[in-house]
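In what follows, a structure is listed as structure tokens, so that the remarks can point back to it.
Values reported hereafter were calculated over all heavy atoms of this structure, with side chains retained and with hydrogens, waters and symmetry mates removed.
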Amino acid sequence: MALSDGQLSSLADFATARAERLRSGPVSIEAMRQHMDAGDAVLLGDFPGAPVRFVQRWWRAGEGWWEPLEEAAVTALDEQARRWALSQQAVFTQQGPGPQERE
């Protein structure tokens with residue numbers, strides 16, 4: 001049984017509302033841990049206070065919650081994360097093969 005256009009539209013509206021609710025409200029520490037374990041959320045690095053990238057937004061740990069950062073901070077972190085990835089790529093490219101790969 002196929003869904004009608006109205007039903008498909010309602011499902012799309014529901015998905016959009018759910019995504020926006022996830023993007024704008026705090027997420028519990030445990031829920032974010034589950035998202036990280038599932039690969040849906042990614043920690044920027046292994047350092048205290050590292051932000052997490054989740055649902056196309058950066059989040060910071062608060063008291064018992066992960067809180068979404070403002071759009072300006074999201075844009076700045078996206079740029080810094082891009083630069084970090086490029087620097088890591090350059091370092092690993094210059095290092096060449098590891099000792100086991102050279103033999």
Side-chain angles (χ1 to χ4, degrees):
M1 175 177 185
L3 297 175
S4 71
D5 288 342
Q7 289 171 320
L8 288 172
S9 179
S10 292
L11 284 174
D13 291 345
F14 174 76
T16 300
R18 181 179 183 274
E20 188 53 39
R21 189 174 65 249
L22 276 175
R23 285 178 43 83
S24 61
V27 174
S28 73
I29 298 292
E30 181 56 34
M32 188 64 82
R33 185 174 298 117
Q34 291 173 357
H35 289 296
M36 285 190 274
D37 290 345
D40 299 330
V42 178
L43 198 59
L44 178 61
D46 186 20
F47 55 89
V52 168
R53 180 79 172 162
F54 175 60
V55 291
Q56 301 176 352
R57 185 165 210 162
W58 288 100
W59 301 69
R60 70 172 187 88
E63 292 188 32
W65 298 93
W66 283 88
E67 302 167 340
L69 296 177
E70 298 293 326
E71 288 301 321
V74 169
T75 301
L77 273 169
D78 282 343
E79 179 61 21
Q80 294 302 322
R82 185 187 70 78
R83 288 180 181 181
W84 175 253
L86 288 173
S87 69
Q88 291 299 298
Q89 182 182 7
V91 167
F92 290 122
T93 300
Q94 288 184 2
Q95 284 180 348
Q100 295 84 7
E101 297 170 352
R102 289 188 205 131
E103 297 174 2

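Take Ser28 and apply the side-chain contact (heavy atoms from CB on, under 4.5 Å) test, not counting sequence neighbours, and it matches Glu30, Ala31, Trp65.
Cluster membership for Val74 and Leu44, using ILVMFWY side-chain heavy atoms within less than 4.5 angstrom, is shared. Tracing side-chain contacts under 4.5 Å through hydrophobic residues (I, L, V, M, F, W, Y), one reaches Val52 starting from Val55; they form part of the same cluster. When the side chains of ILVMFWY residues are joined at heavy-atom separations under 4.5 Å, either directly or via intervening members, Val42 and Leu77 end up in two distinct hydrophobic clusters. Linking ILVMFWY residues whenever their side-chain heavy atoms come closer than 4.5 Å, directly or via other members, places Trp58 and Phe47 in the same cluster.
Using a 4.5 Å heavy-atom threshold, the side chains of Gln88 and Trp84 count as touching.
In terms of heavy atoms, Ala50 sits closest to Gly45 at CB-O, 3.3 Å. Closest heavy-atom contact between Phe54 and Val27: CE2-CG2, 4.3 Å.
Rounded to the nearest 0.5 angstrom, His35 NE2 and Trp59 CH2 are separated by 8.5 Å. Rounding to the nearest 0.5 Å gives a distance of 10.0 Å between CE of Met32 and CG of Leu43.
Each salt bridge (Lys or Arg N to Asp or Glu O under 4.0 Å) pair with one or both residues in residues 37-55, not counting sequence neighbours, appears once here: Arg53-Asp78.
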